[in-house]
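Each remark here refers to the structure printed beneath this line.
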Amino acid sequence: MSREYVLQPFRGGVRLQIDYERELNPQQLAAVTAPPGPALVIAGAGSGKTRTLTYRVAYLLEHGVPPERILLLTFTNKAAGEMMRRVSELLGRDLPALWGGTFHAIGNRILRHHAPLIGFERDFTILDREDAKHLIATCIAESEIDVKATRFPKPEVLGEIFSLAVNTGKSVEQILAEDYEYFAPLAEAMEAVFRRYEARKRATNAMDFDDLLRLWFRLLREHGPTCEQYQRRFEFILVDEYQDTNKLQSDLIDLLAARHRNVMVVGDDAQSIYTWRGANFANILQFPERYPDAKIYKIETNYRSTPEILTVANAAIAANAHQFTKRLTPVRPPGVKPALVVCNDAGEQAAFVAQRVLELRDEGAELNRMAVLYRSHFHALELQLELTRRNIPFSITSGIRFFEQAHIKDVTAYVRLVHNPRDELAFKRLVLMLPGVGARGAMKLWTAYLAHAPKAEAKSRAGVSGALKACAQSVSSKTARPWAQFTETIAQLESPDVREDAARMIELALAGGYDDYLKQSYPNYRSRLDDLKQLAAFAATFDSVEAFLTQIALLTNVEAEDDRPAGRDTERLRLSTVHQAKGLEFDVVFVIMLCEGLFPSARSAETEAGLEEERRLFYVAITRARNELYLSYPLVRAGFGTSGVALQQPSRFLEEIPKTLLDEWQLRSYG
């Protein structure tokens with residue numbers, strides 16, 4: 001029978017360099033000076049989460065914990081570097097022995113030492129996204145799958161499915177059932193490609209990004225001495241942004257902390273908004289169940305926002321049943337009430353935002369300190385047009401503006417080719433989407449097509465589809481069927497009752513094959529489909545195809561000029577989805593398109609879990625604002641598949657905020 005005897009580190013009188021009571025508020029101090037053992041720190045928005053973690057590391061070091069016995073896990077290299085730098089500055093010395101970094105960086109570091117135990121060499125290659133895509137493509141080819149007959153997904157989509165399976169601990173079949181039901185019949189073939197992909201990586205001594213976690217976990221689980229080595233080494237484990245961890249990351253933390261159980265996780269359940277990319281909300285919510293003796297510390301003092309904004313934020317999240325109840329409390333003096341702005345339509349909403357932005361700038365506010373947030377990129381379509389018209393410089397966090405996105409340009413190419421049968425760029429863009437057509441093949445097809453293509457003035461009577469039929473003999477056998485479908489789609493677009501209706505042309509292009517192409521080509525198929533539906537609704541507002549294409553061309557050219565580094569304006573209004581704005585703050589925030597079915601999205605509102613995540617997303621949007629907050633929605637919007645407009649209901653999230661907390665603005669137009 002063995003008996004464990006715990007050696008406590010000898011500590012003489014500790015002389016602290018840092019006055020923790022002076023540097024921290026009482027809630028932060030309680031978390032920083034927490035005794036050993038499991039701890040959950042719920043750090044509300046703007047409450048100084050990074051400061052708390054930084055001082056916790058410093059506190060452990062000052063109390064004699066060797067730096068090599070501490071493991072700090074973060075989600076970005078920037079966050080890790082910033083915390084390590086601040087700890088070094090606090091203590092006045094470098095700390096090279098302190099283990100800090102992203103989950104993947106730490107996984108790589110450990111696997112470099114122990115790779116032979118799991119069948120790899122220490123000099124294994126890490127595949128980037130492009131490398132992984134090419135290897136998956138090779139595995140598909142080796143599997144002899146008829147990708148044309150089965151409409152098999154492209155390597156990029158398969159890679160996303162495989163990644164979700166690895167990080168959530170689910171099978172490929174489960175992932176398909178939950179998120180890609182349109183590929184469910186292909187589950188067996190995909191599983192076979194996945195197994196082949198795993199085997200090829202082992203054979204070539206290569207790991208992809210997800211393997212750095214998966215194989216790290218496997219190493220610890222299957223090799224007891226190695227697991228014990230790291231369990232003993234990491235006496236204290238600290239985890240940042242714990243609400244964003246997936247199942248694999250949570251399992252890794254629990255395994256590493258099993259010996260000392262000195263694990264402190266820091267996060268905010270109210271800002272858990274990444275379920276769609278594998279994050280597991282249950283990790284933070286169920287932490288006290290996995291660690292029944294865990295101490296829970298709440299940091300609710302907010303240094304960012306005015307009391308009026310925080311009151312709205314507290315009300316916005318209150319309806320969520322699954323959460324750690326908290327109440328953000330302000331330290332800043334009172335400001336103005338958040339505004340609720342009801343607009344007649346999306347155009348008026350865009351005009352309001354543009355005019356208010358200019359007024360605020362005239363009052364001394366900087367464009368860089370203002371942001372417009374929305375649920376999905378297509379919600380800002382009308383706003384991009386309005387800002388361009390008024391010469392208000394703006395940037396989009398994703399880096400790609402609406403009309404520059406590949407799927408928007410693809411579908412617009414159908415309209416362009418029918419409108420101008422000799423549009424070489426549109427023709428090549430479309431044929432390059434067909435299986436078996438590469439750059440040289442597209443050039444050959446263009447030459448053949450040009451011999452039959454009608455002149456612009458004679459573009460009636462199915463000229464483009466006739467030319468496509470005439471050069472069908474130039475296509476390969478692999479491309480013959482898709483070419484026939486492409487020809488038929490163009491024929492539908494050319495019919496007299498369609499060719500001057502851009503919205504109808506877009507709908508027919510989707511139905512005529514592009515919808516299938518979207519599914520095969522993009523993991524975020526649904527959001528791109530929403531974009532295209534909105535493009536059709538936007539197109540319906542123009543009297544002619546020519547007017548629609550001209551507007552797009554003019555806007556795209558203006559956007560290209562704005563993106564030049566030598567542009568006059570250095571200040572830009574920020575346009576961003578709420579997801580991409582998490583972690584940021586702005587003096588002024590506009591949250592637009594707060595309509596039922598848009599925010600919350602119709603799909604997410606179908607389940608309780610989905611609705612609660614949407615409410616957390618709304619909470620994140622509100623808590624980005626420091627001084628002023630504007631919440632708006634239109635009463636009507638252009639509808640998809642109709643020539644009319646669709647009436648809009650205000651988001652249920654607006655209904656959940658007491659009217660007394662908002663200042664309702666009545667818009668009035670002149671002229």
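Using bins of under 30°, 30° to 60° and over 60° for the plane-to-plane angle, the ring pair F653/F618 lands in the parallel bin. Note on ring orientation: taking the six-membered ring where Trp is involved, the planes of Y180 and F183 are parallel (angle under 30°, cut-offs 30° and 60°).
Smallest separation of non-hydrogen atoms from L493 and M505: CD1-O, 3.9 Å. Of all the heavy atoms in L164 and D179, the pair that sits closest is CD1-OD2, 4.4 Å. Between F538 and L385 the shortest heavy-atom distance is CE1-CD1, 3.0 Å.
Checking side-chain atoms of E507 against main-chain N and O of A536 turns up no donor-acceptor pair under 3.5 Å. One N or O on the side chain of Y274 and one on the backbone of H579 form a donor-acceptor pair closer than 3.5 Å. A side-chain donor-acceptor contact under 3.5 Å links R624 to the backbone of V620. The main-chain N or O of N246 is found under 3.5 Å from a side-chain atom of N283 such that the two form a donor-acceptor pair. Using modelled atom types, one side-chain atom of R616 and one backbone atom of S272 make a donor-acceptor pair closer than 3.5 Å. Listed for the S143 side chain is no donor-acceptor partner under 3.5 Å among the backbone atoms of I145. The main-chain N or O of I408 is found under 3.5 Å from a side-chain atom of T412 such that the two form a donor-acceptor pair. The backbone N or O of L518 sits nowhere less than 3.5 Å from a side-chain atom of S521 that would complete a donor-acceptor pair.
Considering only heavy atoms from C-beta on, K201 comes within 4.5 Å of D211 through its side chain. Side-chain contact between F324 and P288: present, with at least one pair of heavy atoms (C-beta onward) separated by less than 4.5 Å.
Checked by atom type, the side-chain pair E241/Q243 shows a donor-acceptor distance below 3.5 Å. Q520 and E156 share no donor-acceptor pair across their side chains, judged by distance under 3.5 Å alone. In summary, the side chains of Q534 and R637 do present a donor paired with an acceptor at a separation below 3.5 Å, with no hydrogens or angles considered. Side-chain contact check for Y619 and N320: no donor-acceptor pair (N or O, by modelled atom type) lies under 3.5 Å. D531 and H407 form a side-chain donor-acceptor contact under 3.5 Å, judged by distance and modelled atom types alone. Using modelled atom types and a 3.5 Å distance limit, the side chains of T577 and Q580 yield a donor-acceptor pair.
For the side-chain hydrogen bond (donor to acceptor under 3.5 Å, both in side chains) with D269, the qualifying choice from H322, Q323, K326 is K326, the only one to do so. Among D210, N280, T245, the single residue meeting the side-chain hydrogen bond (donor to acceptor under 3.5 Å, both in side chains) criterion with N167 is D210.
More than 12 heavy-atom neighbours from other residues, nucleotides or ligands sit within 6.0 angstrom of CZ on F75.
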Take K133 and E130 through the salt bridge (Lys or Arg N to Asp or Glu O under 4.0 Å) test and state the conclusion after the steps.
CA-CA 5 Å; K133 182 182 79 172; E130 196 67 18; 3.0 Å; yes

If you apply the rule ring-ring contact (aromatic ring centres under 6.0 Å, His included), what do you find for Y525 with Y522, and how did you get there?
CA-CA 5 Å; Y525 156 73; Y522 300 107; 9.5 Å; no

Could you walk me through whether E181 and R526 pass salt bridge (Lys or Arg N to Asp or Glu O under 4.0 Å), step by step?
CA-CA 12 Å; E181 71 285 350; R526 290 187 178 90; 2.6 Å; yes

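With respect to the salt-bridge test (charged N to carboxylate O, under 4.0 angstrom), the residues R603 and D530 qualify.
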